[in-house]
Amino acid sequence: MHHPRTGRLVRGEPVDAAGAYADSVGYAAVVLVHGGDVFYESGNVTKPYKLHSVRKPMLSALYGIHVARGEIGLDATLAELGVDDSVPPGLTEAEKTATVRTLLQGRSAVYHRAAAEDQSMRDSRPERGSHEPGEFFYYNNWGFNAAGTIFRQETGLDIFEAFAEEIAEPVGMEDFDPDACFYHFQRNYSDHPAYHFRMSARD
């Protein structure tokens, strides 16, 4: 079978094993690329699927662009940016010393409830006030979601439209549509929504 964009699909034992593994764990679509050549694909590779944890590095890539432009300061604190959470209990003064950098690193030490948390995240969340910002890593949806709020606040841009213009189009993504992406609010947990990308396997 030849791939329409590269003219070839390389097969062999390692590729077949990778495909068999993908099938066994139930991936909806898989694309394997090396040196710009697609050598394996399976499933509907053009359909945009909802991303989960991969949404965070997508936002981080946008941050890199706007930090380089001087539009966002990584060492700005939540207090300086006026970022809080109106859902009780709000942030403590200590939590407001967390910086944009620590939000992106998962080291903010803000252990507030968050949108798009699963039960395992809720169960493993440290106690409020148990760490200082910057000293402890915890995979923290509150921090990642608040980083999305700060990006929109400081740049005046929608996350998905900015990604389309500044990343998807320049690198040649074929299926990305900002209108297929969405913000997920859980206002009984937090003011800050999760930002859910939809992206195809080939993109």
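Cluster annotation: Ile65 and Leu104 are assigned to the same hydrophobic cluster (Ile/Leu/Val/Met/Phe/Trp/Tyr, side-chain heavy-atom contacts under 4.5 Å, transitive). Tracing side-chain contacts under 4.5 Å through hydrophobic residues (I, L, V, M, F, W, Y), one never reaches Val54 starting from Val31; they form parts of separate clusters. In the hydrophobic cluster analysis, where Ile, Leu, Val, Met, Phe, Trp and Tyr join through side-chain heavy atoms closer than 4.5 angstrom, Val45 is grouped apart from Val171. A continuous path of hydrophobic side-chain contacts links Leu91 to Phe144 [ILVMFWY only; heavy atoms under 4.5 Å].
A distance-only check finds a donor-acceptor pair linking the side chain of Ser124 to the backbone of Ser120 [under 3.5 Å]. No donor-acceptor pair under 3.5 Å is formed between the side chain of Asp85 and the backbone N or O of Ser190.
Scored by the salt bridge (Lys or Arg N to Asp or Glu O under 4.0 Å) test, Glu127 finds no partners at all (sequence neighbours excluded).
In this structure, Trp142 and Arg113 have side chains that are not in contact, with every pair of non-hydrogen atoms separated by 4.5 Å or more. Side-chain contact between Phe176 and Pro48 is absent, with no heavy-atom pair separated by less than 4.5 Å. Phe151 is listed as a side-chain neighbour of Leu157, based on a closest heavy-atom distance under 4.5 Å. Between His112 and Glu95 the shortest side-chain heavy-atom distance does not fall below 4.5 Å. Within the 4.5 Å cutoff, the side chain of Phe163 has no heavy atoms near those of the Glu169 side chain. Side-chain contact between Leu62 and Ile167: present, with at least one pair of heavy atoms (C-beta onward) separated by less than 4.5 Å. Taking 4.5 Å as the limit, some side-chain heavy atom of Ile72 sits within range of a side-chain heavy atom of Thr155. Within the 4.5 Å cutoff, side-chain heavy atoms of Tyr40 are placed close to those of Val30.
The two residues Thr149 and His192 make their nearest non-hydrogen contact at OG1-ND1, 2.9 Å. Residues Asp175 and Asp203 share a closest heavy-atom pair of N-OD2, 2.8 Å. For Gly148 against Leu59, the heavy-atom pair with the smallest separation is N-CD2, 3.6 Å. A pairwise comparison of heavy atoms in Val110 and Leu78 identifies CG2-CD1, 4.2 Å as the closest pair. In terms of heavy atoms, Gln186 sits closest to Ala116 at OE1-N, 2.8 Å. The two residues Ala194 and Ala115 have their closest heavy-atom pair at N-CB, 4.0 Å.
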Apply side-chain hydrogen bond (donor to acceptor under 3.5 Å, both in side chains) to residues Ser108 and Tyr138 and explain how you reach the verdict.
CA-CA 8 Å; Ser108 70; Tyr138 165 66; over 6 Å; no
Go through Thr97 and Glu93 one step at a time and tell me if the side-chain contact (heavy atoms from CB on, under 4.5 Å) criterion holds.
CA-CA 7 Å; Thr97 66; Glu93 292 306 309; over 6 Å; no
If you apply the rule salt bridge (charged side-chain N to carboxylate O under 4.0 Å, His left out), what do you find for Arg202 with Glu174, and how did you get there?
CA-CA 8 Å; Arg202 68 178 180 177; Glu174 299 176 78; 3.6 Å; yes
Could you go step by step and tell me if Val100 and Ile150 meet the side-chain contact (heavy atoms from CB on, under 4.5 Å) rule?
CA-CA 8 Å; Val100 174; Ile150 292 167; 4.2 Å; yes
Would you check, one step at a time, whether the test side-chain contact (heavy atoms from CB on, under 4.5 Å) holds for Asn141 with Lys56?
CA-CA 9 Å; Asn141 266 18; Lys56 289 112 179 187; 3.1 Å; yes
Val87 and Asn188: side-chain contact (heavy atoms from CB on, under 4.5 Å), yes or no, with the steps?
CA-CA 7 Å; Val87 178; Asn188 57 324; over 6 Å; no
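Cation-pi contact between Arg55 and Tyr195: present, with separation from the ring centre below 6.0 Å and deviation from the ring axis of at most 45°. Cation-pi contact between Arg198 and Phe182: absent, since separation from the ring centre below 6.0 Å together with deviation from the ring axis within 45° is not met.
Checked against a 6.0 Å centroid threshold, the rings of His196 and Tyr183 do not count as neighbours.
For Ser86 and Asp84, the side-chain atoms include no donor-acceptor pair closer than 3.5 Å.
For the pair Glu166 and Arg69, the salt-bridge criterion is met [side-chain N within less than 4.0 Å of a carboxylate O]. Ionic pairing of Arg152 and Asp158 is not present here: no N-O contact between side-chain nitrogen and carboxylate oxygen is shorter than 4.0 angstrom. In summary, Arg125 and Glu117 engage in a salt bridge, as defined by a charged side-chain N under 4.0 Å from a carboxylate O.
His66 NE2 to Leu74 CG: the interatomic distance, rounded to the nearest 0.5 Å, is 13.0 Å. To the nearest 0.5 Å, atoms OG (Ser42) and CG (Leu32) are separated by 9.5 Å. Atom CD of Glu135 is separated from atom OG of Ser130 by 8.5 Å, given to the nearest 0.5 angstrom. Here the CE-OG distance, from Met58 to Ser53, works out to 11.5 Å after rounding to the nearest 0.5 Å.
The local environment of OH in Tyr27 is sparse, with at most 12 non-hydrogen atoms from other residues, nucleotides or ligands closer than 6.0 Å. Within a 6.0 Å radius of CD in Glu80, other residues, nucleotides and ligands contribute more than 12 heavy atoms. Atom NZ of Lys50 has more than 12 neighbouring heavy atoms from other residues, nucleotides or ligands inside a 6.0 Å radius.
Relative orientation of the Phe197 and Phe160 rings is perpendicular, given thresholds of 30° and 60° on the angle between their planes.
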